[in-house]
Amino acid sequence: MDLYCVMGNPVEHSRSPRIHARFAELCGQQMDYGRRLVPVGAFAEGVAAFRREAAERGDTARGCNVTVPFKFDAAALADRTSERAVLAQAVNTLRFEADGRIHADNTDGIGLVNDIVRNAGVPLAGRELLLIGAGGAAAGVLGPLLDAGASRIVVANRTIGKAMALVQRHAALALRHGCTLEAWALDEVPGDFDVVVNATASSLAGDAVPVRAEVLRPGALAVDLMYGPAAAGFMAWAEAHGAVARDGLGMLVEQAAEAFELWRGVRPPAAEVLAELRAALS
C-alpha cells in the first residue's frame, strides 16, 4: 500500500485525512493517508521513522503534507525544491522519490489562487490585491498571486521591514509579470483594492482586523486564510463594509488537490469535495 500522512504538532485537528481519502475514492486510487504527531525539533527523525515503519510493514511511504511548525524544517530536508517553495522559503508537501531523494513543494499559494479563480469565480489577472501579513502564510501565497497576473500587489505588515524583505525576495518575479509590488505599514496602506487577503493570525487570536475598511472597494473579495469560527470576525467585518467574504476552506481543499496530483499524477475533483466538506461543517 502507498502511504501518505500529514505531519505537524498539533495535528489531531487536521482535515487532510478526510480530504485525501475522498480524493482517492473519487479517483480510484489505492492509498492510505493518516496523521502523525511529530515532536518539535524532530521533523527529520519523524520523516525517517515514517518511511522506515512503512517499509517494515511491506508498504511504501510516498509523501507527506507538512503543517505548523515544520514548514521550514521540511524545506531544509529536501533534495529538490520547486521554484515557488524556494520563494516561500517554506514547504507544505514532500514527495518521496524511488531513488530515495525528497522533492519539496508549497501548494498553499496555488491552492488559494485556484479557490479564488475557480470556486469564487473572481479573476485575478489585472486586479489590485492587498496581502495583509508578511509571515509564513503570506510568503506561501505571494508567488502564485503574482503568477496569476495581478497588476498591483501591496504587502502590508505591522513590522514593515518584514514586508519589505518579502517584497524584495519576489521582486524579480513581479518584474517578470509586470506587476507593481509594494510594501507598506498596516496603518499606511494607500488606496483600495479588488481583493484583500488576510494572512495574519489576527483572526485566530480574535483580534480586530488590522487595516482600515477603506482598503475594500465596493464588492471587493475579502479572503481570510483561516476557516470556520476563526475566520468569522474578519468575514463579518468584510461583509459589514460591502465586500464579499470568503474563508480559507476552499484554499485548504485546493492545496490538497495540488499535493494529490503531485503524488498520484491525477487531478481530483476539488470543487466536489469542497462542497461536501462545507455541507458537513454547516
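The basis for the numbers below is simple: all heavy atoms, side chains too, and nothing from hydrogens, waters or symmetry mates.
In the displayed structure, Gln168 atom CD is contacted under 6.0 Å by at most 12 heavy atoms of other residues, nucleotides or ligands. Within a 6.0 Å radius of CE in Met164, other residues, nucleotides and ligands contribute 12 heavy atoms or fewer. More than 12 heavy atoms of other shown residues, nucleotides or ligands fall within 6.0 angstrom of atom CD in Glu97.
Between Thr107 and the choices Glu258, Gln255, Glu254, the side chain to side chain donor-acceptor pair (under 3.5 Å) rule is met once, by Gln255.
Asp59 places a side-chain N or O within 3.5 Å of a backbone atom of Met1 that can act as its donor or acceptor partner. Side chain of Asn157 to backbone of Ala134: a donor-acceptor contact under 3.5 angstrom is found. In this structure a side-chain-to-backbone donor-acceptor pair under 3.5 Å is missing from Arg80 to His103. Panel note: side chain Thr93, backbone Asn106; no donor-acceptor pair is recorded below 3.5 Å. Judged purely by atom type and a 3.5 angstrom limit, Asp79 uses its side chain to pair as donor or acceptor with the backbone of Ile102. The backbone N or O of Leu87 sits less than 3.5 Å from a side-chain atom of Arg169, completing a donor-acceptor pair. With hydrogens and angles ignored, the 3.5 Å screen pairs a side-chain donor or acceptor of Arg95 with a backbone N or O of Leu262. Asp194 places a side-chain N or O within donor-acceptor distance of the main-chain N or O of Glu128, the cut-off being under 3.5 Å. Not a single donor-acceptor pair under 3.5 Å links the side chain of Arg35 to the backbone N or O of Gly8.
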query: Between Arg62 and Met31, does a side chain to side chain contact (heavy atoms under 4.5 Å, CB included) hold up when you go through it step by step?
result: CA-CA 9 Å; Arg62 296 290 188 187; Met31 55 180 279; over 6 Å; no

| request: Carefully, step by step, assess Val6 and His20 under the rule side chain to side chain contact (heavy atoms under 4.5 Å, CB included). | output: CA-CA 10 Å; Val6 55; His20 282 283; over 6 Å; no

Note to self: Apply side chain to side chain contact (heavy atoms under 4.5 Å, CB included) to residues Thr67 and Asn65 and explain how you reach the verdict.
What the structure shows: CA-CA 7 Å; Thr67 187; Asn65 288 129; over 6 Å; no

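Across all non-hydrogen atoms, the minimal contact from Asn119 to Ala271 is OD1-CB, 3.9 Å. Among all heavy-atom pairs drawn from Ala222 and Ala243, the shortest one is CB-CB, 4.3 Å. The two residues Gly219 and Val244 come nearest to each other via the heavy atoms O-CG2, 4.1 Å. When all heavy atoms of Ala213 and His241 are compared, the closest pair comes out as CB-CD2, 3.2 Å. Nearest heavy atom pair, residue Arg217 against residue Asp192, reads NE-OD1, 2.8 Å. Heavy atoms only, all atoms of each residue included: Ala257 and Ala270 are closest at CB-CB, 3.9 Å.
The hydrophobic clustering, which links ILVMFWY residues whose side-chain heavy atoms are closer than 4.5 Å, places Leu130 and Leu186 together. Connection of Val155 to Leu112 is established within a shared hydrophobic cluster, with ILVMFWY side chains joined at heavy-atom distances below 4.5 Å, either directly or through further cluster members. Two different hydrophobic clusters hold Val66 and Leu37 under the rule that ILVMFWY side chains link at heavy-atom gaps under 4.5 Å. Follow the hydrophobic side-chain contacts under 4.5 Å out from Leu124 and you reach Leu221 in the same cluster. Under the 4.5 Å side-chain contact rule for hydrophobic residues, Met251 and Leu142 share a cluster.
Looking at heavy atoms from C-beta onward, Arg118 lies out of side-chain contact with Leu274 at the 4.5 angstrom threshold. Contact of the Val113 side chain with the Leu145 side chain is registered, since non-hydrogen atoms from C-beta on lie closer than 4.5 Å. In this structure the side chain of Leu277 reaches within 4.5 angstrom of the side chain of Arg18, judged on heavy atoms. Looking only at side-chain heavy atoms (C-beta outward), Phe96 and Val47 come within less than 4.5 Å of each other. Residues Thr200 and Phe234 are not in side-chain contact: their nearest non-hydrogen atoms beyond the backbone lie 4.5 Å or more apart. The shortest distance between side-chain heavy atoms of Arg52 and Arg57 does not fall below 4.5 Å. Annotation: side chain of Asn9 is not in contact with side chain of Val38 (no heavy-atom distance under 4.5 Å). Inter-residue side-chain proximity for Trp263 and Phe23 is flagged as unmet; no heavy-atom pair is nearer than 4.5 Å.
The CD1 atom of Ile19 sits 4.0 Å away from the CG atom of Leu252 when rounded to the nearest 0.5 Å. Atom CD1 of Ile153 is separated from atom CG of Leu129 by 5.5 Å, given to the nearest 0.5 angstrom.
Ion pair Glu182/Arg152 flagged as a salt bridge, since at least one NZ, NE, NH1 or NH2 atom sits closer than 4.0 Å to an Asp/Glu carboxylate oxygen. A salt bridge between Asp147 and Arg84 is absent, with no side-chain N of the basic residue lying under 4.0 Å from a carboxylate O of the acidic one.
The aromatic rings of Tyr4 and Tyr33 sit parallel, their planes meeting at an angle under 30°, below the 60° perpendicular limit.
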